[in-house]
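Keep in mind that the numbers below use all heavy atoms, side chains included, and drop hydrogens, waters and symmetry copies. Here, residue 1 is the first one in the sequence, and each next residue gets the next number.
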Amino acid sequence: QVQLVESGGGSVQAGGSLRLSCAVSGYSFSSFCMAWFRQVPGKERQRVASTHTGGGSLYYADSVKGRFTIYQDKAKNTLYLEMNSLKPDDNATYYCAAEVRSMYSGCRPLASHFTYWGQGTQVTVSS
């Protein structure tokens, strides 16, 4: 059973930084599309960034380009989201997600495409 465990959320002031971590267990880390989504109450989960564990398929939402970086440490089976220059608009619950998928197929954009989810971690940015 694949398990995703997130950590690293918290409260920061605008302009600050946080790094989210997603530890993956229960399956080889070599054939997943991995993504970070975020959700605010009353709205659908939106993809923030994604990548494939085999490399490539890098995606960032326009709202986070230049500020967020998604990367992985294969030795630790861990996915990260480095978030800099945080804004109040980044306030959300952030989720790590994974989908078993060929690296040649690219990552799909919707939350419904992803099979495995972490429990979520709250990010609060104050102005």
Side-chain angles (χ1 to χ4, degrees):
Q1 180 71 19
V2 176
Q3 290 189 322
L4 308 177
V5 179
E6 299 132 340
S7 59
S11 298
V12 295
Q13 290 190 329
S17 298
L18 284 173
R19 187 180 74 166
L20 306 182
S21 301
C22 174
V24 183
S25 62
Y27 201 85
S28 166
F29 199 58
S30 61
S31 57
F32 283 111
C33 180
M34 302 293 300
W36 289 97
F37 283 77
R38 66 186 181 188
Q39 187 173 26
V40 296
K43 293 191 175 181
E44 295 183 351
R45 289 184 189 184
Q46 298 292 325
R47 184 174 54 153
V48 174
S50 60
T51 187
H52 195 279
T53 54
S57 296
L58 200 61
Y59 166 86
Y60 292 98
D62 287 343
S63 58
V64 306
K65 280 181 182 176
R67 301 188 298 120
F68 289 13
T69 303
I70 186 172
Y71 63 99
Q72 54 189 306
D73 185 333
K74 293 185 179 181
K76 295 182 178 180
N77 272 10
T78 301
L79 180 76
Y80 299 95
L81 185 68
E82 183 76 35
M83 304 186 294
N84 298 314
S85 302
L86 282 161
K87 306 174 181 179
D89 285 348
D90 297 319
N91 277 315
T93 301
Y94 284 71
Y95 296 90
C96 175
E99 178 193 16
V100 178
R101 191 160 176 84
S102 166
M103 65 181 292
Y104 303 107
S105 300
C107 291
R108 295 188 289 179
L110 301 179
S112 58
H113 293 144
F114 286 78
T115 306
Y116 304 103
W117 290 88
Q119 78 283 4
T121 185
Q122 182 67 38
V123 171
T124 303
V125 183
S126 57
S127 56

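In terms of modelled atom types and a separation under 3.5 Å, the side chain of Glu82 and the main chain of Ser17 share no donor-acceptor contact. With Arg101 contributing its side chain and Gly106 its backbone, the two residues share a donor-acceptor pair below 3.5 Å. Between the side chain of Glu6 and the backbone N or O of Gly120 there is at least one donor-acceptor pair closer than 3.5 Å. The closest donor-acceptor contact from the side chain of Gln39 to the backbone of Tyr94 lies at 3.5 Å or more, if one exists at all.
Listed here is the closest heavy atom pair of Met103 and Gly54: CE-O, 3.4 Å. Closest heavy-atom contact between Tyr60 and Ala49: CD2-CB, 3.7 Å. Among all heavy-atom pairs drawn from Asn91 and Val40, the shortest one is O-CG1, 3.2 Å. When all heavy atoms of Ile70 and Leu58 are compared, the pair lying nearest together is CG2-CD1, 3.5 Å. Met34 approaches Thr53 most closely through the heavy-atom pair CG-CG2, 3.6 Å. When all heavy atoms of Thr78 and Ser21 are compared, the closest pair comes out as CG2-CB, 4.2 Å.
A centroid separation of less than 6.0 Å is found between the aromatic rings of Phe37 and Phe114. Proximity of the aromatic rings of Tyr71 and Tyr80 is defined here by a centroid distance below 6.0 angstrom, and this criterion is met.
Grouping the Ile, Leu, Val, Met, Phe, Trp and Tyr side chains by contacts below 4.5 angstrom, directly or via other members, places Val100 with Val24. One hydrophobic cluster holds both Met83 and Leu79 under the rule that ILVMFWY side chains link at heavy-atom gaps under 4.5 Å. Leu20 is connected to Leu86 through a chain of hydrophobic side-chain contacts under 4.5 Å among Ile, Leu, Val, Met, Phe, Trp and Tyr, so both are in one cluster.
Looking at heavy atoms from C-beta onward, Val64 lies in side-chain contact with Arg38 at the 4.5 angstrom threshold. Contact of the Arg47 side chain with the Cys107 side chain is registered, since non-hydrogen atoms from C-beta on lie closer than 4.5 Å.
Residues passing the salt bridge (charged side-chain N to carboxylate O under 4.0 Å, His left out) test with Arg67 are Asp90, sequence neighbours excluded.
Note: Cys96 SG to Trp36 CH2 = 5.0 Å, rounded to the nearest 0.5 Å. Considering CG of Leu81 and OG1 of Thr51, their distance stands at 11.5 Å, rounded to 0.5 Å. Within the model, atoms OG1 of Thr124 and CD of Gln13 stand 12.5 Å from one another, a figure rounded to the nearest 0.5 Å.
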Val2 vs Phe32, side-chain contact (heavy atoms from CB on, under 4.5 Å): CA-CA, chis, key distance, verdict: CA-CA 11 Å; Val2 176; Phe32 283 111; 3.9 Å; yes
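Applying the salt bridge (charged side-chain N to carboxylate O under 4.0 Å, His left out) test to every pair with at least one member in residues 106-127, sequence neighbours left out, gives these pairs: Glu99-Arg108.
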